[in-house]
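Input: one structure, supplied below.
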Amino acid sequence: MSFDPSLAARLQRARGILARSDRVAAFSGAGLSAESGLPTFRDNETDALWSRYDPIELASVEGFLANPERVIEWYNWRRSRYAAVKPNAAHRALAGQPRMIQITQNVDHLLEQAGVAADQVDHLHGSILHDRCHAGDCDYREIIDPDNPLALRACPRCGEPMRPAVVWFGENLPQTTWLRAQQLCMSLDCLLVVGTSATVYPAAGLIELARQHDSRVIVIDPNPGAAGNQADVYLAGAAGEVLPALLDGFDLATAS
Ligand code: APR
């Protein structure tokens, strides 16, 4: 793989930071799965989801209550896209660091498919492979087969509608997962930020939280975006190309 000289120099600097780091974690967004063929949300590409669909209509409680069939159909379409793809070299590079915790905004399970242990992945925005009851006081949930997703249906336990177990705009993040992610980011030597526009809070706030607690930040993204401004080293490139070169030969861990 041929890097441009400036990227190669920055890659060396980033590897120097990792060599001096005992506690490392990764924080990822849709860009991590882009090379697998899943669309991102805000990229300036034609298939970015929010350039074609209205997030409030499709990823909010009000959108779901206004037209639940439309929302379930859209997520089942995303599930069919997901069922057709495989992990890419970036997922595999991260899976090559089995002691490193993965904090991800992604609802796909491509990190797990690449070999990351499920208990090493914090899905801050939930999982597209699960449905849950929409009622706040019912914790019924089901695993979904992305090849055979189900139409709109009632919760078998309480009768309220079932919906994808993802976090919609305006909803709280899963509390235990969110607390663990914050605690991790308060005790890191280095946070790898991979493929996120870092524009959706509170998740995006993890980068500043890590920096406030003396963590270094390495950003991997073709576009610097908001994360690039917070980076000790910004590696301009696709995750599937940069991550294997960045992580090669390391055995990184989150808890030292
Ligand atoms: N490698 C690395 N980064 C990439 C690649 C790639 N091959 N392709 C695109 N990117 C970058 C883009 O430059 C952009 O910075 O991935 C980022 C994708 O940003 P978004 O589309 O905003 O996705 P994300 O940051 O995950 O969005 C956060 O917003 O809509 C909500 O819940 C949704 O979890 C999502 C959250």
Side-chain angles (χ1 to χ4, degrees), residues 1 3 7 11 14 26-61 63-64 71 74-75 78 81-82 85-94 102-111 114 121-128 163-174 177-178 181 191-207 217-231 233-247:
M1 115 125 290
F3 280 123
L7 178 57
L11 191 66
F27 172 53
S28 55
L32 175 66
S33 300
E35 289 156 273
S36 294
L38 291 183
T40 61
F41 294 95
R42 297 175 184 79
D43 251 346
N44 46 17
E45 287 166 19
T46 50
D47 72 343
L49 291 177
W50 299 148
S51 63
R52 293 187 287 154
Y53 303 101
D54 175 354
I56 300 306
E57 263 189 18
L58 296 168
S60 76
V61 171
F64 178 64
V71 171
W74 188 68
Y75 274 90
R78 285 183 62 193
R81 289 285 302 264
Y82 164 78
V85 301
K86 294 276 176 276
N88 65 61
H91 297 105
R92 291 193 292 274
L94 292 173
Q102 305 292 332
I103 304 167
T104 187
Q105 300 168 94
N106 296 342
V107 295
D108 67 54
H109 283 227
L110 291 174
L111 281 166
V121 186
D122 271 0
H123 284 281
L124 298 180
H125 291 164
S127 162
I128 202 165
R163 38 118 352 139
V166 300
V167 177
W168 282 333
F169 288 103
E171 290 191 305
N172 292 328
L173 274 57
T177 306
W178 176 230
L191 181 67
L192 302 177
V193 179
V194 185
T196 179
S197 60
T199 52
V200 177
Y201 285 79
L206 290 175
I207 303 170
V217 173
I218 297 170
V219 170
I220 298 104
D221 194 313
N223 307 300
N229 304 330
Q230 299 172 283
V233 181
Y234 163 54
L235 300 174
E241 292 182 20
V242 173
L243 271 179
L246 174 65
L247 300 180

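Counting starts at 1 for both ligands and their atoms, following the listed order. Small disclaimer: the values here were computed from a predicted structure and weren't measured. Heavy atoms only: backbone and side chains are in, while hydrogens, waters and symmetry mates are out.
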**Message:** Among residues at least two apart in sequence or on other chains, which ones pass ring pair (Phe, Tyr, Trp, His ring centres under 6.0 Å) with His125?
**Reply:** none

**Message:** Students should find this: residues with any non-hydrogen atom under 4.0 Å from ligand 1. What is the answer?
**Reply:** Gly29, Ala30, Gly31, Ala34, Glu35, Thr40, Phe41, Arg42, Asp43, Trp50, Gln105, His125, Phe169, Gly195, Thr196, Ser197, Val200, Asp221, Pro222, Asn223, Ala238, Ala239

**Closest non-hydrogen atom pair between Leu110 and Ser33, with its separation** = CD1-OG, 3.7 Å

**Asked** Which residues pass the ring pair (Phe, Tyr, Trp, His ring centres under 6.0 Å) test with Phe64, sequence neighbours left out?
**Response** His134, Trp168

**Request:** Say whether Asn88 and Ser36, considering side chains only, have a donor N or O and an acceptor N or O under 3.5 Å apart.
**Result:** yes

**Item:** Geometric class of the His109/His123 ring pair [parallel <30°, tilted 30-60°, perpendicular >60°]
**Value:** parallel

**For Asp221, side chain to side chain donor-acceptor pair (under 3.5 Å) partners two or more places apart** = none

